[in-house]
Every structure is written in structure tokens, then in C-alpha cells.
2 protein chains.
Amino acid sequence: MTIRVVVADDQEMVRLGLSMILRGEDDIEVVAECDDGPSAVEAVRRLRPDVALLDIRMPRLDGLEAARLVAQDTRVVIVTTFGDDDLVDRALDVGVAGFVLKDAGPPILLAAVRAAAAGDALISPEVTVALLKRRGPTGRPATDPRLAGLSDRELDVVALVARGRTNAEIAADLSLSVATVKTHLVNASRRLGVRNRVEIAALAWSSGLVR
Amino acid sequence: MTIRVVVADDQEMVRLGLSMILRGEDDIEVVAECDDGPSAVEAVRRLRPDVALLDIRMPRLDGLEAARLVAQDTRVVIVTTFGDDDLVDRALDVGVAGFVLKDAGPPILLAAVRAAAAGDALISPEVTVALLKRRGPTGRPATDPRLAGLSDRELDVVALVARGRTNAEIAADLSLSVATVKTHLVNASRRLGVRNRVEIAALAWSSGLVR
DNA sequence: CCGGGCCTCCACCGTTCGGTTGAGGCGCAG
DNA sequence: CTGCGCCTCAACCGAACGGTGGAGGCCCGG
């Protein structure tokens with residue numbers, strides 16, 4: 001049982017390259033090649049492939065929107081040049097079954113297509129490491145725009161507030177006086193435009209300062 | 001520049017299979033094979049390989065603990081038979097650079113080793129799909145084990161606290177008196193084992209109750 | 001029928017927080 | 001040298017919170 005694939009990328013060279021790699025495998029069949037979003041959606045709905053390989057950036061309808069439209073009909077593998085954090089998040093929210101960088105190499109591409117066809121999901125290692133950095137306890141800064149403008153010390157205090165520490169505990173943790181902690185907190189609150197420490201915590205959590 | 005790898009698995013057949021696959025590649029060199037956790041840790045510390053391939057279940061010291069011990073020294077790729085959710089979570093917390101199922105096939109294994117050596121991370125498609133399924137829009141499990149036992153009303157209050165609302169505002173939001181809000185909060189705090197509303201907020205955020 | 005959980009409220013009191021004002025020290029750019 | 005920003009602390013006061021001990025109502029199950 002061969003895996004039927006629709007390939008969509010507006011760059012002809014890339015599209016040909018993808019197809020070439022896929023056609024070299026005898027368990028994979030490329031049933032359509034498209035050069036923009038709408039035609040990809042149409043092809044998927046008409047041909048009902050097992051997998052749709054979509055460039056994330058395409059004319060008229062980008063890969064993410066196209067993925068959203070066909071996510072119920074087929075497994076979508078996103079191909080892209082850059083593993084931009086925001087794009088990855090949005091793609092994963094859409095529910096794609098794969099996320100492959102264009103420079104990942106044939107083995108990864110083939111593994112992603114086969115994984116998608118099998119109901120699994122493969123994410124390019126370069127992207128995965130970024131994901132883990134942002135999600136894992138080991139990963140750190142990822143400075144959110146909303147927290148920009150805070151000084152280093154203020155960020156320290158904000159992070160501890162977000163973990164539920166009282167001012168006295170924060171003072172002890174950072175070897176400061178409670179007065180200093182309060183000063184940092186008042187200043188940070190003013191800059192962040194929040195009214196109390198729980199809103200600070202909410203901001204810290206939603207911005208990824210703490211997890 | 002070849003990738004130097006330490007392989008550790010207590011099942012000889014598996015260990016030989018892994019080594020065989022790796023030795024077939026001319027950019028990879030297996031510098032040690034170990035059959036338990038302590039010897040794997042020792043081998044890593046002595047040989048300083050680029051990648052350590054660790055079975056998650058090994059005598060005396062399992063792969064996770066071994067990974068924790070050597071995570072600073074080398075990139076760790078976990079190999080395992082089952083992609084158990086909890087094991088995956090704990091592995092990712094430890095900061096592994098790969099998570100490969102034993103039935104994933106040579107291409108995935110090789111890709112994982114090369115990705116790890118390059119500072120990236122590859123997760124087996126079968127595991128990735130489980131991760132994505134559990135992933136809420138923020139990348140955390142949609143289910144909230146820690147919040148179990150709270151009543152509906154208490155959850156309402158907790159969610160509003162997590163958004164930074166004061167007791168008076170929560171009372172207005174839910175058309176209650178401040179006294180009732182405080183009661184719910186005290187009860188919820190006792191059940192959750194937290195000391196103040198910011199810890200409630202932290203719990204709500206980290207459990208995915210609010211985003 | 002009666003216990004028990006849940007939801008709703010009240011009063012009281014000590015602790016903590018929010019915000020202000022004011023102050024000294026440090027390092028750095030103008 | 002002179003600001004200026006950052007970090008550090010202090011005193012003070014009103015507002016909010018944390019915790020306790022009640023109270024009545026509801027519904028459900030034994």
C-alpha cells in the first residue's frame with residue numbers, strides 16, 4: 001500500500017526537489033504538485049492523499065491556512081526554511097503531523113512523510129530543540145516583548161513572585177531587604193501596567209518567564 | 001570529524017543492533033558499549049563522547065538517572081521500547097537531546113544521533129504525536145491532575161485569581177459576596193496545599209487551567 | 001430522616017501587600 | 001563633573017488578603 005502525497009510549494013526548485021526525493025521511494029507516490037495554497041487545498045479535496053506536504057509560505061493562501069482547511073481530510077506535513085518559533089506554535093495548534101525544515105535532508109523528509117501516513121508526527125530536530133528550550137525547565141530567557149524594559153533585578157523579583165513567594169521570602173532568596181523587594185515590585189508593576197502581584201504572575205507565566 | 005557515541009543497553013541483542021546500525025555509518029564511531037547505568041556514566045565521563053545512547057531501563061541505574069548525571073557532559077539520546085507519557089515527560093525535563101523508540105528503524109536512530117551531535121533534538125514520531133495530543137494551546141497537558149478535587153465553583157474562583165482579579169472583582173464577576181469568594185479560596189488553598197493566591201495562580205497556569 | 005458535601009454569607013483580626021516619600025551608593029555617558 | 005539609571009534601604013499608612021468560627025440553604029444517598 002503506497003503512501004499518496006500532494007506536494008505544494010511555490011518555489012519550483014524546491015517543489016521538484018521534494019518530489020524527486022519522494023519519487024525515489026517505492027512506497028510513496030506523488031499524486032499532485034501545486035504552486036499555491038488554493039490549488040493545494042483543491043488537490044487534497046479531490047485526490048484525498050494520505051499526506052499533504054505544504055510549504056508554510058505560499059501565494060494567496062499560506063501553508064498554515066491551507067493546513068487548517070484540509071486538516072480534517074489528510075495528514076499535513078509543513079515544510080519551511082526557518083523554524084520560526086511563532087510559526088511552529090501556530091502550526092502545532094492547527095494540528096499538523098509534521099514540521100520539516102528544507103535543509104533537513106531526505107531521510108528526515110521521508111521519515112516525516114511515513115510517520116504522518118502512519119498517524120504519527122515528526123518534527124525537525126532543529127525545531128524540536130527550540131521547542132524543548134522554550135518548554136523545558138532547562139530552557140531560559142525567551143524575553144517576551146511585554147517584559148521588555150524591566151531591569152535584571154526586577155525580572156528576578158518578578159520570577160519569584162510568579163512562583164508564589166512572599167516579599168519576605170524573595171528578600172531572603174535574593175539576600176535583600178523586604179524594602180528593596182517592594183521597590184522593585186512597585187517599579188516593575190508600573191512599567192508592566194499591572195495592579196497587583198497576581199497580575200505580575202499571570203504576565204510572567206503567559207510570557208514564558210516561568211513555566 | 002566523526003561523531004563519537006557511547007551505547008548503553010542491558011539487552012545484548014538490542015545493544016548489538018544499535019551498534020551495528022551506528023558502525024555502518026562512516027561519520028559515526030561507537031567508542032563504548034555498556035550494559036548498565038553506572039558503567040555508562042563512567043564511560044561517558046572517561047571518554048567524553050559527543051552522544052550517549054541510553055536505554056531508559058537499565059540495571060542499577062536507569063537511563064533517566066544516568067542521563068541526569070551526564071547531561072552536562074554530553075548529549076543524551078534515550079532509546080526505549082514504549083513511549084510512555086510519564087517517561088517522556090521526565091526525560092524531556094532532564095533535558096535529553098533525543099527520544100527514540102526501539103522499533104523506529106535505523107534512519108530515525110541515525111537522524112537522532114546526528115541531530116544530538118549537532119545540538120538539536122529528535123523525538124520519535126510515535127512519541128511526538130502523543131506529545132502533541134496532550135499539548136494544549138500552550139504546550140501543556142490539557143488535563144489537570146493537581147487541580148482534581150476542586151469543586152466547580154472553586155475552579156471558577158481559582159481561574160479568576162490566576163488572571164489577577166481581586167476578591168472584590170471576582171465577587172462582582174461571579175455575582176457573589178466577597179465573603180463567599182474568600183471561603184472558596186480558603187477551601188481551595190487547603191486542598192491544593194498552597195499558602196497564598198499567587199501560588200494558586202502559579203498552579204492554575206502550570207496546570208493549564210488558564211492560558 | 002439524617003448526614004454530608006456544596007454553595008452562600010457574616011464578623012473579626014492579624015498579616016501582608018500597595019504605594020508614597022525620601023535617601024545613599026554605584027557606574028556610565030555626555 | 002554631572003547628570004541619569006539602577007540597586008539598595010527606611011518609615012509610614014490604607015487597602016487587601018489569610019484564617020477562623022460561625023450560620024443557613026440546597027440536594028443527594030444511605
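Keep in mind that what you see is a predicted model, and the values were worked out from it rather than measured. Order of the sequence lines sets the chain letters (A, B, ...), proteins ahead of strands, with each chain counted from 1.
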Look at the side-chain N and O atoms of A:Arg191 and state whether any lies under 4.0 Å from the OP1 or OP2 oxygen of D:dG5.
-> no
Provide, to the nearest angstrom, the distance between the CG atom belonging to B:Asn196 and the P atom belonging to D:dG19.
-> 8 Å
Numerically ordered, the residues 164-171 of chain B set in heavy-atom contact under 4.0 Å with DNA chain C is none
A:Lys182 meets the side chain to side chain donor-acceptor pair (under 3.5 Å) criterion, sequence neighbours left out, with none
Compare all side-chain heavy atoms of B:Arg4 with those of B:Leu47 and state whether any distance is below 4.5 angstrom.
-> yes
Return all side-chain donor-acceptor pairs below 3.5 angstrom for residues 64-71 of chain A, not counting sequence neighbours, or 'none' if the list is empty.
unit_1	atom_1	unit_2	atom_2	d
A:Glu65	OE2	A:Arg68	NE	3.3
A:Glu65	OE2	A:Arg68	NH2	3.0

Do A:Phe99 and A:Thr80 come within less than 4.5 Å of each other through their side chains, counting heavy atoms only?
-> yes
Taking heavy atoms of chain A and a 4.0 Å limit, find me the 5'-most and 3'-most nucleotide of DNA chain C within that range.
-> C:dC17 to C:dT20
A:Glu199: salt bridge (charged side-chain N to carboxylate O under 4.0 Å, His left out) partners, not counting sequence neighbours | A:Arg195
From CA spacing to verdict: salt bridge (Lys or Arg N to Asp or Glu O under 4.0 Å), B:Asp35, B:Arg15 = CA-CA 8 Å; B:Asp35 61 358; B:Arg15 192 170 69 247; 5.2 Å; no
Is there a side-chain contact between B:Asp62 and B:Arg57, using heavy atoms and a 4.5 Å cut-off?
-> no
Identify, with sequence neighbours excluded, every residue that meets side-chain contact (heavy atoms from CB on, under 4.5 Å) alongside A:Ala8.
-> A:Cys34, A:Ala40, A:Leu54, A:Met58
Salt bridge (charged side-chain N to carboxylate O under 4.0 Å, His left out) partners for A:Asp156, two or more places apart | A:Arg153
N/O to N/O distances under 3.5 Å, protein versus nucleotides 7-14 of chain D:
unit_1	atom_1	unit_2	atom_2	d
D:dC7	OP1	A:Ser151	OG	3.4
D:dC7	OP1	A:Arg153	N	3.2
D:dC7	OP2	A:Ser151	OG	2.4
D:dT8	OP1	A:Arg153	NE	3.2
D:dT8	OP1	A:Arg153	NH2	3.4
D:dT8	OP2	A:Arg153	NE	3.1
D:dT8	OP2	A:His184	NE2	3.0
D:dC9	OP2	A:Ser177	N	2.7
D:dC9	OP2	A:Thr180	OG1	2.9
D:dC9	O5'	A:Thr180	OG1	3.3
D:dC9	N4	A:Thr183	OG1	2.9

B:Val51 side chain reached by B:Val6 side chain, heavy atoms, under 4.5 Å | no
In chain order, what residues pass the side chain to side chain donor-acceptor pair (under 3.5 Å) check against B:Asp73, with sequence neighbours excluded?
-> none
Five-pair end axes of the helix from C:dG3-D:dC28 to C:dG30-D:dC1, angle between them (10°) = 40°
Apply salt bridge (charged side-chain N to carboxylate O under 4.0 Å, His left out) to A:Asp50 and list each qualifying residue two or more places apart in sequence or on a separate chain.
-> none
Would you tabulate the side-chain donor-acceptor contacts of residues 107-124 of chain B under 3.5 Å, counting partners in other chains and residues two or more places apart, or write 'none'?
unit_1	atom_1	unit_2	atom_2	d
B:Arg114	NE	B:Asp27	OD2	2.7
B:Arg114	NH2	B:Glu25	OE1	2.7
B:Arg114	NH2	B:Asp27	OD1	3.0
B:Ser124	OG	B:Leu101	N	3.0

